[in-house]
Q: 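Next up is a structure, given as structure tokens.
Predicted, not measured: the structure shown is a model, and the values here were computed from it. Numbered from 1 within each chain, the chains take letters A, B, ... in sequence-line order. Hydrogens, waters and symmetry mates play no part in the numbers below; they use all other heavy atoms, side chains included.
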2 protein chains.
Amino acid sequence: MTTQLLPQAGQEERLEQPEAQDIRLDVVFAALSDPLRITIVKRLMGEGDDVFRSCTWVGIDRPKSTLTHHFRALREAGIIEQRRFGTERRSRVRVADLSARFPGLLELVAAAPLE
Amino acid sequence: MTTQLLPQAGQEERLEQPEAQDIRLDVVFAALSDPLRITIVKRLMGEGDDVFRSCTWVGIDRPKSTLTHHFRALREAGIIEQRRFGTERRSRVRVADLSARFPGLLELVAAAPLE
DNA sequence: AGAATAGTACTACCAAAGTCGTACTAAGGC
DNA sequence: GCCTTAGTACGACTTTGGTAGTACTATTCT
């Protein structure tokens with residue numbers, strides 16, 4: 001994290017997530033088996049791997065409680081990192097970790113015909 | 001199928017499966033989110049992509065009804081092909097189809113630390 | 001025909017999971 | 001302090017899915 005460019009000040013705590021070596025493929029598959037979550041990951045990835053975006057930025061038409069649930073699932077599976085920025089919870093895809101652990105996985109997701 | 005080497009005679013009908021272009025990534029992820037199914041696929045792949053193996057050959061310690069359920073899930077997701085050979089239902093992984101549609105996916109499965 | 005084996009349809013059970021609403025917390029602006 | 005917004009914990013509901021047993025089908029061999 002020491003070399004990471006953080007575009008906004010006021011960054012605070014990172015929400016709990018598994019270490020890279022603890023990320024499990026079956027759990028990742030389970031998290032990404034939901035089309036909505038693939039969409040979320042694709043949109044976040046489209047912004048680059050050092051950019052954090054809020055839950056509402058992703059633009060999914062679902063109640064906030066549902067979004068909370070999905071983002072949590074992605075975080076706990078190790079797919080995204082979430083940090084608190086004031087009132088927002090901003091996320092980014094853990095591209096480096098996932099590419100190291102599961103080479104090619106994110107390319108599959110990026111190519112998925114789901115918007 | 002015309003160039004496929006079939007090691008046994010008496011091959012009969014192929015069970016229903018999705019066409020290669022109809023295989024969906026989220027459905028594949030869902031099917032492979034079960035550790036037992038990853039194990040099944042790994043063992044089948046260890047035999048090569050033109051070799052059919054029966055459900056019991058795979059050597060999973062589960063009642064037959066549970067195996068039937070899992071194999072069906074893999075087939076309907078498009079991950080395996082199943083054919084009837086006498087009393088047996090033999091399966092092989094659809095390596096060519098999956099590699100074409102989702103490059104690298106089977107390598108992830110093969111490398112998964114699940115036995 | 002009977003026995004044995006492989007596998008399946010059906011059923012039941014329980015757990016997991018997606019969806020949503022509600023009441024609430026956390027933060028920021030006026 | 002009040003208002004607004006972002007997000008969460010909790011609960012309820014419905015659907016999905018893993019597991020297993022039972023009765024059965026399909027096939028093969030004697």
Q: Just jot down the side chain to side chain contact (heavy atoms under 4.5 Å, CB included) partners of A:A77, sequence neighbours excluded, or say none.
A: A:V27, A:A31, A:I79
Q: Can you name the side-chain hydrogen bond (donor to acceptor under 3.5 Å, both in side chains) partners of B:D97, sequence neighbours left out?
A: B:R94
Q: B:R62 has an atom CZ; how far is it from atom P of D:dG21, in whole Å?
A: 11 Å
Q: Applying side-chain hydrogen bond (donor to acceptor under 3.5 Å, both in side chains), name anything that partners A:T87, two or more places apart in sequence or on another chain.
A: none
Q: I'd like to compare against my own output: the B/S/- annotation of nucleotides 6-14 of chain D with a strict under-4.0 Å heavy-atom distance to protein.
A: BBBB-----
Q: Measure CZ/B:R83 against P/C:dG7 and give the value in whole Å, please.
A: 16 Å
Q: For A:T39, enumerate each residue passing the side chain to side chain contact (heavy atoms under 4.5 Å, CB included) test, keeping only those at least two apart in sequence or located in another chain.
A: A:R43, A:I60, A:L114
Q: Using a heavy-atom distance cut-off of less than 4.0 Å, which residues of residues 22-41 of chain B contact DNA chain C?
A: none
Q: Mind calculating the distance between CD1 (A:I60) and C1' (C:dG18) to the nearest angstrom?
A: 14 Å
Q: Report yes if a side-chain nitrogen or oxygen of B:R84 is closer than 4.0 Å to either non-bridging phosphate oxygen (OP1 or OP2) of D:dA26; otherwise report no.
A: no
Q: Please name all residues satisfying side-chain hydrogen bond (donor to acceptor under 3.5 Å, both in side chains) with B:S33, sequence neighbours left out, ordered by chain then number.
A: none
Q: Below 4.5 Å, heavy atoms only, C-beta onward: do B:K42 and B:V109 meet side chain to side chain?
A: yes
Q: Please list, chain by chain and in numerical order, all residues satisfying ring-ring contact (aromatic ring centres under 6.0 Å, His included) with A:F71, sequence neighbours excluded.
A: none
Q: Mind checking salt bridge (charged side-chain N to carboxylate O under 4.0 Å, His left out) for A:E47 and listing every partner two or more places apart, or none if nothing turns up?
A: A:R53
Q: Just how far, in rounded Å, is C1' of C:dG18 from CG of A:L74?
A: 13 Å
